[in-house]
Amino acid sequence: MLCPSLAALSLQSSTPEALRVVNLLQERNLLPPGPIPAPTPCLPQDLQKINCNPEVFRSTLTSIPQTQSLLNKAKLPLGLLLHPFKDLSQLPVVTSSTIVRCRSCRTYINPFVSFLDQRRWKCNLCYRVNDVPEEFMYNPVSRSYGEPHKRPEVQNATIEFIAPSEYMLRPPQPAVYLFVLDVSHNAVETGYLNMVCQSLLDNINALPGDSRTKIGFITFDSTIHFYNLQEGLSQPQMLIVSDIEDIFLPTPDSLLVNLSECKELVQDLLKSLPNLFEKTMETQSALGPALQAAFKLLSPTGGRMSVFQTQLPNLGVGALKSREDPNQRASAKDIQHLSPATDFYKKLALDCSGQQVAVDLFLLSAQYCDLASLGCISRYSAGSVYYYPSYHHAHNPAQVERFQKDLKRYLTRKIGFEAVMRIRCTKGLSIHTFHGNFFVRSTDLLSLPNVNPDAGFAVQMSIEENLLDMQVVSFQAALLYTSSKGERRIRVHTMCLPVVNSLSDIFAGADVQAITGLLASMAVDRSVSASLSDARDAMTNAAIDSLASYRQSVLTIQQPGLLAPACLRLFPLYILALLKQKAFRTGTSTRLDDRVFAMCQLKYQPLAYLMLMIHPALYRVDDLTDEGALNINERTIPQPRVQQLSVEKLSREGAFLMDAGMVIYLWVGRNCNPNFLTQVLGVPNYTAVPQNLYLLPELDTAESQRTRAFIGWLRDQRPFFPTLHVIRDESQLKANFMQNMIEDRTESALSYYEFLLHLQQQISK
Amino acid sequence: MAFTFAAFCYMLALLLTAALIFFAIWHIIAFDELKTDYKNPIDQCNTLNPLVLPEYLIHFFFCVMFFCAAEWLTLSLNIPLLAYHVWRYMSRPVMSGPGLYDPTTIMNADILAYCQKEGWCKLAFYLLSFFYYLYGMIYVLVSS
């Protein structure tokens with residue numbers, strides 16, 4: 001691929017595709033037919049071939065500006081989006097007695113270093129010349145000597161090392177899992193306890209770990225209940241601690257037991273736990289003391305705490321008040337109470353982080369639970385937040401299915417313990433802000449008590465010194481963790497990007513999806529520290545400023561209209577989508593917990609899933625054909641075209657599928673093709689379509705197979721389970737479906753065309 | 001040489017400003033230690049947070065003293081700093097104990113840079129105040 005600057009040198013200079021001028025007011029069909037690929041950095045072929053996978057490591061600007069003033073002129077944010085622990089199908093693992101690192105900056109050797117001769121290598125981050133150790137000269141893969149540049153560490157941008165003992169502060173910890181369960185009356189009503197116990201029983205042999213794995217349980221309502229699972233007892237023994245002001249552990253050990261030795265006892269407990277609390281009338285919830293007790297139990301070893309909560313904690317330390325005012329849900333002005341009410345959960349999270357304990361929070365409640373305060377317990381201890389509003393075992397079967405599938409993934413996915421991550425960049429660049437669930441222990445060291453494959457991170461960078469005389473810069477993310485089998489490992493990702501010094505090159509290399517993802521994280525921070533309206537204005541200004549800068553500095557011919565380079569043509573659409581997203585929207589009734597959870601997801605989800613939540617994909621599915629279908633594992637997966645999110649594209653005669661990341665809507669038009677109704681939904685006519693259908697019947701027709709293959713393919717691409725809702729016109733969920741129609745006008749928000757006009761007006765000022 | 005109440009105020013202010021200079025230097029060193037990864041943010045914030053309110057209260061005490069001594073020029077020079085202290089404390093992050101510094105946000109480069117600048121500015125202000133009070137004390141002692 002020719003770099004734009006090289007293209008300019010040729011006699012017939014043609015603008016590359018990325019810089020093609022698009023008049024957004026005139027061109028209406030901007031969405032490509034399929035998923036949008038990440039832009040390729042403009043590097044020589046041999047470097048780009050070994051460059052890091054964009055699903056793991058992605059930059060907002062694939063061509064780095066040479067100076068900070070040039071970056072400021074472009075008015076685009078510079079940052080990296082990482083998914084470092086992603087499940088990878090191919091991961092080279094190296095066991096080596098010496099891990100070769102730069103002497104001064106401690107960068108791991110990577111494909112982008114330069115070898116001065118066979119014995120010396122130059123670091124690509126600090127330019128220090130290092131010696132190649134003797135052991136490194138031998139290549140175990142090809143069994144040859146004298147070719148250090150052929151070793152796997154220098155051939156792969158993503159690699160995992162088995163770390164020797166110098167990388168351990170203490171002997172690697174075993175996998176320790178503690179489950180903290182709410183058993184108040186409310187909790188038992190929802191029936192979640194049955195699902196959790198059943199899921200644990202089903203997956204007990206699939207929990208990541210080895211023979212040292214430990215497990216424990218704590219239940220709580222107004223008192224805390226511990227379970228003595230000592231080997232040799234005939235049945236689990238419950239110990240109740242009612243002094244919640246001063247929590248203590250009733251027995252020194254056997255509350256956390258070795259899983260393989262005490263498996264029968266654990267299974268007995270899981271079978272009897274739902275019945276133990278069936279008749280409870282306790283309405284109070286002492287979450288704070290329960291968390292303190294759990295922390296005491298886990299602090300000697302570290303591990304993972306999974307907390308299940310179904311109501312606002314109202315007893316003991318950390319009790320919260322209901323702060324939400326239902327009349328303010330549809331407020332067109334500022335939204336209050338987005339920041340925590342108390343710092344109890346934050347302080348506890350920091351204590352947990354210090355002892356290598358991560359807290360994952362499952363919130364299954366119908367009422368306000370102050371997620372803004374509770375979420376802190378996961379945010380700073382590198383945990384994750386799961387939210388199932390209005391969970392009920394009988395009234396909400398779609399949520400039940402989602403909970404079950406999410407639990408299975410949660411219990412069986414890969415996990416890393418006592419981890420730290422360091423992100424290094426070439427001299428001249430520096431990282432100033434971090435986004436994600438972790439604790440920043442020092443200027444570039446992130447403390448992650450648990451690392452899981454579904455967490456995404458983002459960082460913002462600035463250019464401290466001008467990057468003169470550099471053709472390329474490199475970034476390296478190194479994640480040091482203990483695997484569930486007690487091995488200390490280091491996963492290293494290295495990415496290389498070119499340096500450019502012209503504004504048009506910077507625009508040509510802009511990655512619009514990464515920019516949107518980073519802006520979303522920045523806006524969440526701004527909403528909490530300043531106000532929501534500030535954040536909304538900042539996002540709109542990001543679009544205005546960057547397009548104005550393009551117009552002034554890059555465009556040679558001034559034309560009327562709203563002009564954007566082809567690589568940024570979707571930028572106003574994504575900004576509008578963010579403004580209408582649950583996290584940032586005003587004027588539409590949004591529950592405060594839903595909004596805060598949307599904000600948590602914007603900061604936590606990796607970019608690929610984030611884009612689906614921001615800009616859902618709409619497909620027409622009543623006329624699926626095998627034309628252009630993919631063939632995966634001998635199944636034919638149809639590939640319908642992605643439509644614009646406007647009711648203009650909907651049709652009463654069709655059925656449309658909207659993939660919004662965590663939820664999939666299947667909207668059936670009133671005059672839908674009867675073929676679709678009978679062959680896919682299994683009903684004779686429109687009026688017979690059931691109201692709360694969340695599962696497609698498995699019919700033996702070609703249409704049904706195609707539809708189910710397509711939905712299955714969409715679901716397979718992500719680690720969490722999106723619920724499916726079949727919607728008719730009268731359905732309650734129709735409002736949710738219509739709210740995702742970003743390009744349309746609503747009482748409180750502009751249509752896409754009006755937004756473009758607004759941008760144009762602001763730019764020409 | 002008359003030992004008036006004003007002279008006494010200036011003398012006390014001189015001593016207390018020495019303490020404030022010490023606090024400012026402690027802050028500067030602490031933020032530098034954070035920046036160079038020498039210390040853990042949690043420990044550092046636990047040492048810095050208890051110092052914030054005493055510093056503000058000492059400065060408030062000066063202002064009250066100068067008000068009682070009717071030293072209007074000195075008071076008017078200190079009022080902006082008093083207002084700044086009030087604003088800073090009102091817009092602090094939610095925390096149960098006294099203090100301004102939250103370990104989860106302090107490692108943010110913008111916030112760290114702001115705190116360092118604040119430390120240097122305060123040091124400069126307290127140093128200048130120290131010499132001003134010295135001059136003021138001698139002036140008041142001599143001119144009555």
Next on the checklist: So which residue, Ser91(B), Gly97(B), Pro103(B), ends up with the most heavy-atom pairs under 4.5 Å with chain A?
Outcome noted: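 Most heavy-atom pairs within the cutoff with chain A belong to Pro103(B).
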Is there a side-chain contact between [X] and [Y], using heavy atoms and a 4.5 Å cut-off?
X	Y	value
Asp37(B)	Thr443(A)	yes
Leu350(A)	Thr104(B)	yes
Ile42(B)	Phe439(A)	yes
Lys347(A)	Ser96(B)	yes

Checklist outcome for this item: Turns out that what part of Thr433(A) lies under 4.5 Å from chain B's heavy atoms comes down to both
Item to check | Contact origin within Ala349(A) toward chain B - heavy atom pairs under 4.5 Å | outcome: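 When you check distances to chain B, no heavy atom of Ala349(A) falls under 4.5 Å.
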Within a 6.0 Å radius of atom [atom1] on [X], are there more than 12 heavy atoms belonging to other residues, nucleotides or ligands?
X	atom1	answer
Leu169(A)	CG	no
Tyr114(B)	OH	yes
Tyr167(A)	OH	yes
Arg441(A)	CZ	no
Tyr38(B)	OH	no
Phe5(B)	CZ	yes

Next on the checklist: As an exercise, state the distance from CE of Met107(B) to CG of Leu446(A), rounded to the nearest 0.5 Å.
Outcome noted: 10.5 Å
Item to check | Asp102(B) and Lys346(A): CA distance, side-chain angles, deciding distance, side-chain contact (heavy atoms from CB on, under 4.5 Å) verdict | outcome: CA-CA 10 Å; Asp102(B) 179 7; Lys346(A) 190 193 291 192; 2.6 Å; yes
Item to check | Residue, of Asp444(A), Asp343(A), Leu445(A), Ile431(A), that accumulates the most heavy atom pairs under 4.5 Å with chain B | outcome: Asp343(A)
Next on the checklist: Given heavy-atom pairs under 4.5 angstrom as the criterion, report whether the side chain, backbone, both or neither of Pro93(B) touches chain A.
Outcome noted: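 Contact with chain A involves no heavy atom of Pro93(B) at all.
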Checklist entry - Can you name the nearest heavy-atom pair linking Asn108(B) to His432(A), along with the distance? => result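 Asn108(B) and His432(A) have their closest heavy atoms at OD1-O, 3.2 Å.
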